[in-house]
Structures are given as C-alpha cells and as structure tokens.
Amino acid sequence: MKIKKIILATCLGLMASVAHAETSQEKGLRIAKEADARDNGFKDLTADMKMILKNRAGKTSTRNIRIKTLEVNGDGDKSMSLFDSPADVKGTTMLTYTHGLKADDQWLYLPALRRVKRINSRNKSGPFMGSEFAFEDLGSQEVEKYTYNFLREEPCGSGWTCNVVERKPAYQYSGYSRQVVWSDTKEHRLVKVDFYDRKNAKLKTLVSSGYKQYIGHYWRPATMNMQNHLTGKSTTLTWSNYKFRNGLTSRDFNKNSLQRR
Amino acid sequence: MNMKTRTALLTSLLMTSLTTSLQADVSGNIAVEGRYFSHNGLYPLQENSNVSISLQPEFRKRWDNDRKSFTFIPFYRWDNNDDERSHGDIRQLDTTIATGDWEYQAGISKVFWGVTESQHLVDIINQTDSVENIDGEDKLGQPMLRVSRIFDEGSIGLYVLPYFRERTFAGASGRLRTPLVVDTDNPRFESSDDERHIDYALRWNHTFDAVDLGLSYFDGTSREPELQQVGASLVPYYRQIQQVGLDLQYTSDSWLWKLEAIRRENADTGYNAAVGGFEYTFVGINDSSADLGAIAEYHTDSRDKLATSPFQNDIFLGARFTLNDAQSTELLAGTVFDLDSNSKTLRIEASRRIGDDIKINFEAQAVTDTDATDDPLLHSLRADDFVQLEFQRFF
C-alpha cells in the first residue's frame with residue numbers, strides 16, 4: 001500500500017513538474033507547431049481571391065487574383081499570384097519561394113514586355129497592391145518566422161475557445177513589433193490577429209470567418225477582413241474555388257512557367 | 001481591297017470566330033496618345049503636335065492548370081501625321097503546351113531576355129517596333145518554334161525563327177527620325193533567303209541562390225540594320241550575325257546588381273558591348289509606404305565612336321519612385337550622360353490608374369549638348385524634345 005502511494009505521489013509530482021516546466025514561450029511555440037502540423041500534407045492548393053479595398057470615405061476598388069500554392073517539405077512553400085484585375089495589370093504574376101528566416105526569393109512577370117524580373121524582398125512591410133495587407137501578411141507563415149508567447153485561453157465566438165498567443169517577427173525588415181493571434185484550440189483556425197507597428201501602437205486587425213473544411217481535413221476561411229486603425233481604410237479578401245491536390249509540381253512554380261500567361 | 005483593309009477584315013473575322021468558338025477570355029485596351037514637340041521640326045512636313053489612337057484586344061484561353069494555352073493579340077495604331085506610324089501587327093498568336101519537364105511553343109510571340117533598365121543588349125529574338133516609341137521596348141511579333149527543358153532552378157530553350165521581321169522607321173512627316181528617311185520598302189539582306197532565312201537561338205538560365213544567370217546564343221539575321229545611303233534615302237541592310245550574350249543579376253535585401261554583355265560578329269568584323277550597374281531601393285521612405293529606387297548603369301561598346309547605338313561610353317543615373325497606393329502611381333526619371341561627347345538625354349515616365357479601368361501615362365524626353373560628329377544619332381533628335389500624355393481604357 002505504502003509503495004503504491006509513493007509511486008502515485010511520484011507520478012503526480014512528475015506530471016506537475018512536466019506541466020510546470022512548459023513556459024508560456026514553450027506553450028506558444030508548441031501551439032504554432034501543432035497548427036503547422038495540422039496543415040501538413042495538403043500538397044498543393046489553388047483558389048480565387050477577390051480583394052476589395054475600401055478607403056475612409058467608403059469608396060471601393062476591386063482586384064481579382066488567383067493563388068496557387070505548392071507545399072515544400074523542409075522549406076517554405078512556393079506560391080504564385082496571378083492578377084486578373086485591375087485590367088491594366090492583368091497577366092502580371094508574382095512567384096515567391098518562401099523561406100524560414102532567410103529572405104524569400106521573388107520574381108515578377110510583366111506581361112506587356114513579357115519580362116521576368118527578380119525583385120528584392122526587403123519590402124516585406126510594403127502594401128500588397130495598394131491594400132491594407134502587407135506582403136508579410138500574405139506570405140507562408142513558417143513556424144521559425146516568429147518567437148511565441150502564450151497569453152491565455154478565452155472564448156472567441158461561435159462556441160469556440162481560442163489560444164491567445166503573442167508572436168514577434170524573428171525575420172528582418174518586418175513592419176511589426178508584435179502580433180497577437182487568436183486561434184481556436186480544436187482545429188487551429190486563425191480567428192483574429194492584432195498587428196502592432198514598430199512603435200508598438202495597434203495598427204491593424206485581421207478577422208477571418210466563414211471557415212469550411214476541404215477534402216475532409218483542411219480548414220480555410222471564406223472572408224478575411226483587415227482594418228487599419230490609423231487610416232480608417234480596410235481591405236476584404238473573399239476566397240472561393242478552393243481546390244486541393246491538383247497535381248501541381250515544382251515545374252509549375254518555375255520562373256520559366258511565369259511566361260505561360 | 002488594299003492590304004490594310006484586308007488585314008482589318010481578316011482580323012475582325014478571326015476575332016469573332018475565336019470569341020464564339022473558344023469562349024476565350026477577352027480583354028485589351030484602346031488608347032489615345034497626344035504628343036507635343038517643343039521645337040519646330042528640322043525637316044519639312046513635320047508637325048509640332050501629334051494625335052494617335054491604338055487598339056490592342058487580347059484573346060486568351062488557358063486550360064489544364066495553365067499548362068496549355070492559346071493567345072491572340074492583334075495590334076493597330078492610327079497616327080494623324082505619319083503614315084509609317086499608322087501600322088498593324090500581330091503581337092501574339094501562339095499556343096504553349098507544358099508536359100512535365102518539357103515545354104513547347106509554336107506561333108507568333110514575344111521573348112524578353114535581360115536584366116538592365118537603360119539598355120537591352122542581350123534581348124535579340126524580337127524586332128523593335130521603333131515607330132511606337134524610341135525607348136526600344138516595343139516589339140513586333142516574331143514567328144517561332146520553341147522547345148524548353150525545365151529544371152528545378154532554371155531552363156534551357158531552343159528557338160527556331162523561320163521568318164524575319166523588318167524594323168519599323170518613321171516616315172518623312174514623322175518626328176524622331178534620321179535626317180534622311182529610311183526606305184522600308186526596299187530592304188537589303190546579306191542572305192539570299194532574304195526575310196525567309198531561318199534563325200536559331202539557344203538560351204540557358206539558372207538561379208544560384210541570390211544570383212540569376214543567363215547565357216544565350218543567336219545565329220541569324222541581325223535585328224539591327226546597317227543604314228546605307230542610296231540617293232536621297234537610307235536603305236536598311238540586314239546582315240547575318242552570331243551573338244553570344246550573358247545576363248547576370250545578384251539580388252540582396254535592398255540591392256540589385258546587374259550586368260549584360262554581348263559579343264556580336266558578322267562575316268567582316270565583330271565587337272563587344274556591355275552594360276552594368278545597380279538599383280538600390282529605399283523602402284518606406286519617411287514612414288510612408290512609398291519606395292524610392294536609385295539606379296546607376298554604365299555602358300561601353302568596343303566600337304567607340306563607330307558604335308551604332310548611342311551607348312558607347314555613357315552613364316545612366318535614374319530614380320524610380322513607387323507610391324504603392326491603390327492607383328499604382330509610379331515615376332521613373334533618368335539621364336544618360338555621354339562621357340565622350342558630353343551630350344545628355346533626360347527621360348521621365350510616370351503612370352497612374354484612375355478608377356478601375358483607365359490608366360494615364362506621361363512621358364517626356366529632352367536631348368541637350370549634342371554634337372554632329374561625336375554623336376550623330378542623338379544629334380538628329382536635337383529638335384525632337386517632347387511631352388506625351390496617353391489615356392488607356394482597358395476592357
């Protein structure tokens with residue numbers, strides 16, 4: 001009996017010390033890794049994105065962009081953004097090889113000259129197509145791009161419970177000092193992100209909604225709304241036509257294949 | 001029926017059948033361009049103001065995840081002064097098929113090679129449509145067959161070019177022309193096959209991490225004619241040439257380092273030419289979302305004063321201002337300094353979108369301190385400083 005008690009006590013003690021050993025930083029990183037693993041194995045994805053820019057006066061302008069993404073094991077994903085509108089940039093295509101902490105490789109295809117230009121990715125904090133989304137907001141979110149700190153767990157609408165994690169960009173040239181991310185505990189769906197600028201003022205808030213599950217596993221939102229608190233401008237992304245596993249290969253994400261458009 | 005009416009009729013027939021049968025994606029633009037020259041022309045018939053209208057519809061069909069495509073892009077420009085500038089062209093009429101590691105292309109198309117901003121030395125597949133703009137960036141459609149092998153970090157492509165396109169030149173009433181008018185109706189060719197000489201080209205390109213390298217070879221009819229005086233006009237003479245080209249770019253956080261170099265030979269002689277420099281980008285200037293790029297490029301040509309391009313010993317300094325706003329406002333200003341003759345060329349290009357479908361393009365060019373013996377090419381443009389405004393309506 002005594003031995004049993006000792007073993008039980010030791011076990012409980014061990015468990016407590018294991019639980020105690022996980023710092024909030026470790027917990028934040030664990031959540032990020034779990035979210036990353038949750039999305040593994042999608043192979044490739046194509047989708048249509050409608051981007052609606054709204055200025056403070058409520059005037060809107062629209063961009064239509066097709067996105068293709070190829071999952072790369074052991075490195076960041078490869079992606080292609082194909083612009084269909086505004087009409088003057090129709091055919092313009094951007095090819096990005098995302099990396100962890102290393103700078104991304106990026107090529108731009110300009111259809112009028114049929115010219116492929118390698119561009120520098122220093123401009124991470126710059127606006128994407130004049131929108132409230134910066135290039136860094138739309139890039140592949142690799143785990144090693146941030147350091148993490150778990151803040152708390154709280155309800156976050158539609159009966160979901162969210163992990164609230166603060167993350168700080170570990171890569172160079174970010175426009176942010178930190179981000180606070182709400183993602184649901186069950187499926188790691190990103191619900192909300194607050195972006196803080198370099199002076200630590202709350203700059204933007206991203207809210208994603210209308211999540212649906214595809215091919216029985218992968219969750220994707222229908223709408224992403226980015227509100228800029230400083231300028232009053234906002235940008236809404238409406239996603240449609242999500243298609244997983246189209247059989248795309250690295251040959252479809254080559255700077256040569258940019259000219260197929 | 002004259003040639004133009006026939007082309008127009010054929011084009012409209014082709015367009016209608018294409019749109020209905022293929023359910024192709026239709027887009028394009030119609031543009032009105034106004035040019036004003038600040039000095040009177042050096043030659044009779046030349047006017048100081050010019051109006052021109054261009055139309056470029058685009059028909060596209062893409063399928064199998066964009067691995068197969070069909071494209072048709074006809075183009076026509078009407079010019080109120082210069083009959084030679086009123087012209088049509090098929091910019092693209094081709095099909096591309098990609099299967100695994102291989103890509104095949106057949107038809108009329110456009111190919112761009114190179115990295116530098118102020119001169120395109122390596123680029124050789126397409127003929128320059130020089131009546132469009134004297135910056136050399138407008139090209140005529142080139143009939144071609146291409147086979148490419150795609151690799152992870154690059155590709156190698158073989159081009160067979162079965163038909164040659166002659167360069168366009170301004171007519172007697174056009175501005176921005178040589179003192180004697182170029183007689184484009186009576187071209188001369190070194191090859192007895194004339195424009196039917198079959199040209200070949202090969203290009204290999206590869207990305208080594210931050211470095212993009214391209215090596216190219218061309219064997220065939222020179223796109224750049226020698227202009228020979230016959231009576232009171234110039235006759236273009238197209239030689240057979242071989243050209244080896246290298247283009248290189250090193251990309252880092254804020255720097256782009258660029259180099260283009262060529263060796264070109266004909267039956268009698270040969271020369272080397274190169275252009276190299278950098279572009280440095282200041283990102284988010286003054287805490288705004290605007291970027292400012294500083295560009296410097298040096299040009300050299302082993303023919304020195306005998307060079308047929310104005311870039312024999314020149315420096316280009318330029319600034320690129322990108323607002324990154326919803327209207328995609330951009331401005332590029334640059335000056336070419338000729339270190340031998342002290343002549344200067346100033347050029348400004350700016351553009352901005354209005355609403356969703358209209359784009360305004362502004363262009364201005366001025367040439368100063370030219371010398372008739374040191375720089376005859378630029379000297380002939382000394383009275384042709386101009387400002388240009390173009391309204392493009394996209395559909």
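Just so it is clear, the values below take in all heavy atoms, side chains as well, and ignore hydrogens, waters and symmetry mates. In what follows, chains carry the letters A, B, and so on, assigned in the order in which the sequence lines appear, proteins first and then strands, with residues in each chain numbered from 1.
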Apply side-chain contact (heavy atoms from CB on, under 4.5 Å) to the pair A/Val89 and B/Arg353, showing each step before the final yes or no. CA-CA 10 Å; A/Val89 297; B/Arg353 179 169 47 246; 4.2 Å; yes
Would you mind checking which part of B/Ser155 comes under 4.5 Å of any heavy atom in chain A, side chain (CB onward), backbone (N, CA, C, O), both or neither? side chain
Would you mind reporting whether A/Leu113 and B/Lys139 have side-chain heavy atoms less than 4.5 Å apart? no
If I measure from the heavy atoms of chain A, does B/Asp209 come under 4.5 Å with its side chain, its backbone, both, or neither? both
Does any heavy atom of chain B fall under 4.5 Å from the side chain of A/Asp197, the backbone, both, or neither of them? neither
Between B/Phe151 and A/Asn256, is there a side-chain heavy-atom distance shorter than 4.5 Å? no
Heavy-atom distances under 4.5 Å only: say whether A/Ala112 touches chain B with side chain, backbone, both or neither. backbone
If the contact rule is any heavy atom under 4.5 Å from chain A, which residues of residues 246-253 of chain B qualify, in numerical order? B/Gln249, B/Thr251, B/Ser252, B/Asp253
Any side-chain heavy atom of A/Lys199 within less than 4.5 Å of one from B/Asp287? yes
Using non-hydrogen atoms and a 4.5 Å limit, figure out which bit of B/Glu137 sits close to chain A: side chain, backbone, both or neither. both
Residues A/Asp88, B/Arg393: salt bridge by 4.0 Å N-O rule: no
For residues A/Arg118 and B/Thr207, determine if any side-chain heavy atom of one lies less than 4.5 Å from a side-chain heavy atom of the other. yes
Please determine if B/Glu279 and A/Lys117 form a salt bridge, counting it only when a charged side-chain N lies under 4.0 Å from a carboxylate O. no
Contact part of B/Trp113 toward chain A, heavy-atom cut-off under 4.5 Å: side chain, backbone, both or neither? neither
Hey, are the side chains of B/His120 and A/Arg115 touching, using non-hydrogen atoms and a 4.5 Å cut-off? yes
So which residue, A/Lys59, A/Lys255, A/Arg251, A/Lys68, ends up with the most heavy-atom pairs under 4.5 Å with chain B? A/Arg251
For B/Gln56, is it the side chain, the backbone, both, or neither that has a heavy atom closer than 4.5 Å to a heavy atom of chain A? neither
Chain B contact via A/Tyr173 - which portion, at a heavy-atom distance below 4.5 Å: side chain
Contact origin within A/Tyr97 toward chain B - heavy atom pairs under 4.5 Å: side chain
Residue from A/Gln172, A/Arg63, A/Met129 scoring the most non-hydrogen pairs under 4.5 Å with chain B is A/Arg63
B/Arg60 with A/Asp84: basic N within carboxylate O range, under 4.0 Å: no
Would B/Asp66 and A/Arg66 pass as an ion pair if we require N to O under 4.0 Å? yes
Which atoms of B/Asp25 approach chain A - backbone, side chain, both or neither, heavy atom under 4.5 Å: side chain
Do B/Lys359 and A/Pro86 come close enough that some side-chain heavy atom pair is under 4.5 Å? no
Just checking heavy atoms, which of residues 219-250 of chain A are less than 4.5 Å from chain B? A/Asn246, A/Gly247, A/Leu248, A/Thr249, A/Ser250
Portion of B/Lys110 that has a non-hydrogen atom of chain A nearer than 4.5 angstrom: both
Part of B/Ser289 within contact of chain A (heavy atom distance under 4.5 Å): both
